[in-house]
Amino acid sequence: MSSTDLFDLLVVGGGINGAGIARDAAGRGLKVMLVEKDDLAQGTSSRSGKLIHGGLRYLEYREFRLVREALIEREVLMRAAPHIIWPMRFVLPHAPKHRPRWLIRLGLFLYDHLGGRERLPGTRTLDLRRDAEGAPIRDDFTTAFAYSDCWCDDARLVVLNALDAAARGADILPRTSLVTARRDADAWVADLRTKAGERRSVRARVLVNAAGPWVEDVVRSTGTNASRRVRLVKGSHLITQKFWDGPQAYLIQNDDKRVIFVNPYEGDYALIGTTDIPFDADADSVAIGADETRYLLDALNTTFKRRLTEADIVHAFSGVRPLFDDAATNASAVTRDYVFQLDPETSGGAPPVLSIFGGKITTYRKLAEAALDKLAPFLPAAGGAWTADAPLPGGDMPNADYEAFRAELALRFPTLPEGLRTHYGRLYGTRAFELLEGVRSLGDLGRHWGARLYDREVAYLRQTEWAREPDDILWRRTKHGLHMTAAERDAFAHAMASAESGAEPQLAH
């Protein structure tokens, strides 16, 4: 690629907002490049609570517009990607000392009706002394409310948006950093550097700063100023063995009025979180603190009969939420809404940069749509909005019917174990037919690395999803790392490093 190549849009940041904007823009006929300094979704967008939800607790902060938009998007995204987004029931035990019953019931009534709920069941009241959902809950809780939201594989949602953007002509460049950018007549000149140290220069009519926790770093690299500020808040999660029966999740109230999600995860595990801790350190090195671990365990142990300790923790992870700084004194009260800063505000002058502050994974598609609408005066050749009714890669199932697709997958690959078919179906949707083409038995999948990881999937991820390092595959494109032993992870990492360096081609290509 020559330095004279001119893009309509250069998107900086390969999280959910950047990938969503790249996809939307490419589908409007624009020439798009996306650069990400690490792997896609390596930062915040693979470290969320993995939910597509309206945000029940945001109603307490009167963020009705945000909740309504998120609830509407919940329906849109279920249709777009039924393989990675599916319904989940949440049980909210009631403790009068935390919130009065009438307040919770009112909030759930609004939650059921604000967003035009179509496919999910509404709220119902549970008697924890009789209903099965009460079995793991301490006896001092007698009533609960069951309501609906959705589960989401967050990292795969990012990758699917990037795949769709690439299919529509976008250049997707993970492990490529923006070093500096400067205005030159009617375009930005951006200097880029890959992880391998290669340098290149590109031109773009518009620069989009979707760098999340690093948004202010990108502002500085452009030599511009931003009146908005990002507020970094750390959220940490624990993973333990699942300690209850049934498919339901739990939402528990803590003494500080925060809520903690306790969700089924990866079959036999539980995902527990999150915390809200002000954060002012390096976002690349974020990790859970001992105080956060105690906080989450204490919350669990005031609600559940099974008493959990640090010995029960299988894994933990932390992420940094790049929230718009609205000057709220409590980190939990900081808005999850998104805010744009456009410089300059009007067309006809210097080439613009659009910086994005805040946002949440549920509303990423609306954020992307709003970003392209805001940039419309600078991009007169762009087409109109189109993503509301478009499936994401693998989600093109008639009537978004995952169960019918699952039955077809079983019919076409009857010799594969059901758990393995479920893995392929959930991660890849209809793309699983491409991944498994020609497979008649387990032997056709190649070397087995542990858990449900085989060479066939490794090759597919390397060829089609920009996977280059072990963690790309073990923890982001899949969660095989959670199910493999340390020795199996080490063996795979060694083989992948050797294959990437060209020293020992031990992996399928």
Using a strict cut-off of less than 4.0 Å between a Lys/Arg side-chain nitrogen and an Asp/Glu carboxylate oxygen, indicate whether [X] and [Y] qualify as a salt bridge.
{"X": "Asp276", "Y": "Arg231", "answer": "no"}
{"X": "Asp337", "Y": "Arg65", "answer": "yes"}
{"X": "Arg406", "Y": "Glu403", "answer": "yes"}
{"X": "Asp38", "Y": "Lys195", "answer": "yes"}
{"X": "Glu73", "Y": "Arg365", "answer": "yes"}
{"X": "Asp471", "Y": "Arg476", "answer": "no"}

Going by the salt bridge (charged side-chain N to carboxylate O under 4.0 Å, His left out) test, which pairs reach into residues 7-25, not counting sequence neighbours?
->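 The answer is Asp8-Arg205, Arg23-Asp164, Asp24-Arg28.
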Going from [atom1] on [X] to [atom2] on [Y], what distance comes out if it is rounded to the nearest 0.5 angstrom?
{"X": "Glu465", "Y": "Leu427", "atom1": "CD", "atom2": "CG", "result": "8.0 Å"}
{"X": "Asp343", "Y": "Leu354", "atom1": "CG", "atom2": "CG", "result": "10.5 Å"}
{"X": "Met78", "Y": "Cys152", "atom1": "CE", "atom2": "SG", "result": "12.0 Å"}

Any sub-3.5 Å donor-acceptor pair from [X]'s side-chain atoms to [Y]'s backbone N or O?
{"X": "Asp39", "Y": "Gln42", "value": "no"}
{"X": "Ser48", "Y": "Ser45", "value": "no"}
{"X": "Arg68", "Y": "Leu114", "value": "yes"}
{"X": "Asn161", "Y": "Leu157", "value": "yes"}
{"X": "Arg182", "Y": "Trp188", "value": "no"}
{"X": "Ser46", "Y": "Ala155", "value": "no"}
{"X": "Lys37", "Y": "Thr194", "value": "no"}
{"X": "Thr44", "Y": "Val320", "value": "yes"}
{"X": "Asp184", "Y": "Ala187", "value": "no"}
{"X": "Asp472", "Y": "Glu469", "value": "yes"}

Using a 4.5 Å cut-off on heavy atoms from C-beta on, say whether the side chain of [Y] contacts that of [X].
{"X": "Leu367", "Y": "Ile16", "result": "no"}
{"X": "Leu379", "Y": "Leu9", "result": "yes"}
{"X": "Leu59", "Y": "Glu63", "result": "no"}
{"X": "Glu457", "Y": "His423", "result": "yes"}
{"X": "His315", "Y": "Trp475", "result": "yes"}
{"X": "Arg321", "Y": "Thr274", "result": "yes"}
{"X": "Arg193", "Y": "Glu198", "result": "no"}
{"X": "Val208", "Y": "Leu375", "result": "yes"}

For Pro174, enumerate each residue passing the side chain to side chain contact (heavy atoms under 4.5 Å, CB included) test, keeping only those at least two apart in sequence or located in another chain.
->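 Partners of Pro174 by the side chain to side chain contact (heavy atoms under 4.5 Å, CB included) criterion, ordered by chain and then number, come out as Leu40, Ile172, Trp466.
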In chain order, what residues pass the side chain to side chain contact (heavy atoms under 4.5 Å, CB included) check against Ala26, with sequence neighbours excluded?
->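 Val32, Arg168, Ala170.
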Stepwise side chain to side chain donor-acceptor pair (under 3.5 Å) test for Arg74 and Thr363 | CA-CA 8 Å; Arg74 189 180 64 182; Thr363 53; over 6 Å; no
Test of ring centre spacing under 6.0 Å for [X] and [Y]:
{"X": "Tyr428", "Y": "Phe433", "answer": "no"}
{"X": "Tyr265", "Y": "His237", "answer": "no"}
{"X": "Trp151", "Y": "His53", "answer": "no"}
{"X": "Tyr338", "Y": "Phe324", "answer": "no"}

Can you see which heavy atom on [X] is nearest to which on [Y], and at what distance?
{"X": "Ala190", "Y": "Leu178", "result": "CB-CD1, 3.7 Å"}
{"X": "Ser148", "Y": "Pro121", "result": "OG-O, 2.8 Å"}
{"X": "Ser201", "Y": "Val189", "result": "OG-CG1, 3.5 Å"}
{"X": "Leu71", "Y": "Gly54", "result": "CD2-CA, 3.7 Å"}
{"X": "Ala499", "Y": "Arg462", "result": "CB-NH2, 3.9 Å"}
{"X": "Asp444", "Y": "Gly438", "result": "OD2-O, 3.9 Å"}

Tell me, with the steps shown, if Leu34 and Leu173 meet side-chain contact (heavy atoms from CB on, under 4.5 Å).
-> CA-CA 6 Å; Leu34 179 147; Leu173 303 179; over 6 Å; no
Pairs meeting criterion ring pair (Phe, Tyr, Trp, His ring centres under 6.0 Å) with involvement of residues 348-404, two or more places apart |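 As it turns out, the ring pair (Phe, Tyr, Trp, His ring centres under 6.0 Å) pairs with a partner in residues 348-404, which skip direct neighbours, are Tyr402-Phe405.
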Report the C-alpha distance between Leu453 and Ile473 in whole Å, list the side-chain angles of each, state the deciding distance to 0.1 Å, and finish with yes or no for side-chain contact (heavy atoms from CB on, under 4.5 Å).
-> CA-CA 9 Å; Leu453 180 60; Ile473 291 177; 4.3 Å; yes
Indicate whether the side chain of Arg431 and that of Tyr424 have a donor and an acceptor atom separated by less than 3.5 Å.
->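 No pair is found: no donor N or O on one side chain lies under 3.5 Å from an acceptor on the other.
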Sort out for me which residue in Leu56, Thr123, Asn263 forms a side chain to side chain contact (heavy atoms under 4.5 Å, CB included) with Phe90.
->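 The single option meeting the side chain to side chain contact (heavy atoms under 4.5 Å, CB included) with Phe90 is Asn263.
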Among Leu192, Asp191, Asp5, whose side chain to side chain contact (heavy atoms under 4.5 Å, CB included) with Arg200 holds?
->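 Considering Leu192, Asp191, Asp5, a side chain to side chain contact (heavy atoms under 4.5 Å, CB included) with Arg200 is found only for Leu192.
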For Lys366, salt bridge (Lys or Arg N to Asp or Glu O under 4.0 Å) partners two or more places apart =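 If we apply the salt bridge (Lys or Arg N to Asp or Glu O under 4.0 Å) test to Lys366, skipping adjacent residues, the hits are Glu369.
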What pairs with Asp154 under salt bridge (Lys or Arg N to Asp or Glu O under 4.0 Å), at least two apart in sequence or on another chain?
->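 Only Lys50 meet the salt bridge (Lys or Arg N to Asp or Glu O under 4.0 Å) criterion with Asp154.
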cation_pi(Lys374, Phe340) dist<6.0 Å, angle<=45 =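 So Lys374 doesn't make the cation-pi contact.
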Heavy-atom count check: over 12 atoms from other residues, nucleotides or ligands less than 6.0 Å from [X] [atom1]?
{"X": "Arg440", "atom1": "CZ", "result": "no"}
{"X": "Asn399", "atom1": "CG", "result": "no"}
{"X": "Arg452", "atom1": "CZ", "result": "no"}

I would like to know whether Leu207 and Val12 meet side-chain contact (heavy atoms from CB on, under 4.5 Å); could you show each step before the answer?
-> CA-CA 8 Å; Leu207 185 66; Val12 182; 3.9 Å; yes
Under the side-chain contact (heavy atoms from CB on, under 4.5 Å) criterion, do Arg47 and Val286 qualify, and how do the steps go?
-> CA-CA 11 Å; Arg47 307 179 192 190; Val286 61; 3.4 Å; yes
